[in-house]
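Everything numeric here is computed off the predicted structure, so don't read it as measured data. All ligand and atom numbering here is 1-based and tracks the order in the structure.
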Amino acid sequence: MTNSIATASFDFLFKTIVVGDGAVGKTAITFRYAVGKFQENYKMTIGVDFTIKREKVNDKEVKVQVWDTGGQEKFSKIRPLYYRGALGGLVVFDVTSRESFKNLDGWMEEIQTNCTQIPIILVGNKIDLKKRKVTKEEGKKYAAKKSKEMGYKIPYLETSAKTGETIKKVFRKLIESMVGEAEESMRRKEEAKKEKKKK
Ligand code: G3D
Ligand code: MG
């Protein structure tokens with residue numbers, strides 16, 4: 001398995017990244033998942049690289065590192081470093097910001113350039129707010145279009161970091177996909193080994 005580390009205490013270690021425009025709620029989503037809270041007026045991103053959470057998927061112990069961009073959304077030159085070794089990603093926009101929705105192509109492209117076919121979930125955040133500018137249908141349609149272009153399924157989910165709605169589900173879904181990928185890649189390697197022995 002590439003980039004995931006197996007040890008006695010956990011079966012998988014997955015680096016996951018959270019990308020999207022500034023202010024869409026990447027830090028709030030990460031914080032809500034890791035700490036289980038929403039905090040107004042925090043500027044905690046700078047200096048914090050990632051948070052770690054443990055999950056159990058089937059019978060596997062999974063350690064998840066969630067990398068928050070730390071305001072690096074502005075610094076495209078250093079972002080490749082941030083993407084390195086990522087095995088899954090959330091691409092986030094704010095349903096009250098048309099602009100953040102329009103910029104999704106850029107984030108998708110950047111993931112494709114820096115990572116190879118990793119599981120991705122498209123996340124429309126801030127659904128607790130009334131002033132929605134992007135409909136659920138548009139989000140779904142965009143995810144379907146990208147799934148076609150990229151050749152694998154990109155699910156679309158809507159969240160609120162403020163109320164906590166669907167945050168756990170987003171990470172759960174992503175982690176399950178990453179476990180699936182890792183197990184599949186291990187299986188392929190085993191098969192290749194057997195084939196080699198046969199020859
Ligand atoms: P970023 O990390 O993507 O840059 P932040 O975004 O997590 O810093 O969030 C930007 C602002 O949006 C913050 O407000 C935060 O509280 C708010 N926010 C994040 N998620 C939600 C949500 O689901 N619902 C609502 N209503 N607000 C959200 P401030 O005022 O601190 O800048
Ligand atoms: Mg942030």
Side-chain angles (χ1 to χ4, degrees), residues 14-53 64-115 118-140 142-143 146 154-175:
F14 295 127
K15 174 179 172 179
T16 65
I17 47 173
V18 185
V19 303
D21 278 13
V24 295
K26 300 180 299 296
T27 301
I29 287 171
T30 305
F31 194 74
R32 166 60 83 175
Y33 171 63
V35 188
K37 277 191 221 159
F38 179 78
Q39 234 166 295
E40 304 268 3
N41 303 318
Y42 58 89
K43 293 278 171 266
M44 59 164 263
T45 328
I46 294 157
V48 179
D49 289 331
F50 59 82
T51 47
I52 290 189
K53 192 110 158 130
V64 195
Q65 274 184 354
V66 186
W67 287 55
D68 186 11
T69 18
Q72 290 156 24
E73 50 270 82
K74 295 181 210 85
F75 310 113
S76 60
K77 282 225 176 76
I78 61 166
R79 277 204 302 267
L81 270 175
Y82 168 81
Y83 285 99
R84 189 175 296 161
L87 291 170
L90 301 181
V91 178
V92 186
F93 72 96
D94 169 356
V95 298
T96 71
S97 157
R98 207 67 222 168
E99 186 68 22
S100 72
F101 183 65
K102 273 196 220 144
N103 289 335
L104 286 175
D105 271 351
W107 293 108
M108 288 288 183
E109 264 163 41
E110 211 169 270
I111 288 192
Q112 271 182 297
T113 307
N114 292 287
C115 311
I118 58 170
I120 292 169
I121 295 180
L122 179 67
V123 178
N125 187 43
K126 305 199 191 179
I127 54 166
D128 58 286
L129 295 174
K130 296 276 179 285
K131 45 172 185 175
R132 207 190 239 272
K133 295 275 163 41
V134 182
T135 66
K136 193 169 185 174
E137 282 315 307
E138 285 178 297
K140 270 191 200 162
Y142 182 81
K146 281 289 142 183
I154 296 163
Y156 175 58
L157 289 172
E158 297 198 324
T159 59
S160 167
K162 186 161 188 172
T163 66
E165 188 175 341
T166 321
I167 297 289
K168 272 190 193 149
K169 190 175 165 189
V170 162
F171 282 96
R172 192 76 200 169
K173 203 172 173 75
L174 185 65
I175 292 159

Student: Does a donor on one side chain and an acceptor on the other come within less than 3.5 Å for Trp67 and Gln65?
Tutor: yes

Student: Going by the order shown, which atoms of ligand 1 are within less than 4.0 Å of some heavy atom of Ala28?
Tutor: 7 (O), 19 (C), 20 (N)

Student: Any atoms of ligand 1 less than 4.0 Å from a non-hydrogen atom of Gly22? List them with their elements.
Tutor: 4 (O)

Student: Let me know which of Leu104, Asp68, Ile111 forms a side-chain contact (heavy atoms from CB on, under 4.5 Å) with Val19.
Tutor: Ile111

Student: Take Ile17 and Tyr82 through the test side-chain contact (heavy atoms from CB on, under 4.5 Å) and record every step on the way to the result.
Tutor: CA-CA 8 Å; Ile17 47 173; Tyr82 168 81; 3.6 Å; yes

Student: Between Ser97 and Lys133, is any pair of side-chain heavy atoms under 4.5 Å apart?
Tutor: no

Student: Going by atom type alone, with no hydrogens or angles, which donor-acceptor pairs under 3.5 Å involve a side-chain atom of residues 118-125 and a protein atom two or more places apart or on another chain?
Tutor:
{"residue": "Asn125", "atom": "OD1", "partner": "Thr159", "partner atom": "OG1", "Å": "2.9"}
{"residue": "Asn125", "atom": "OD1", "partner": "Ala161", "partner atom": "N", "Å": "3.2"}
{"residue": "Asn125", "atom": "ND2", "partner": "Val24", "partner atom": "O", "Å": "3.0"}

Student: Which atoms from ligand 1 have a heavy atom of Leu129 less than 4.0 Å away?
Tutor: 26 (N)

Student: Got an N/O contact under 3.5 Å between Asp68 and ligand 1?
Tutor: no

Student: Is Phe38 close enough to touch ligand 1? Criterion: a residue heavy atom under 4.0 Å from a ligand atom.
Tutor: yes

Student: Within less than 4.0 angstrom of ligand 1, does Asp21 place any heavy atom?
Tutor: yes

Student: Does any N or O atom in Thr159 lie less than 3.5 angstrom from one in ligand 1, N or O only?
Tutor: no

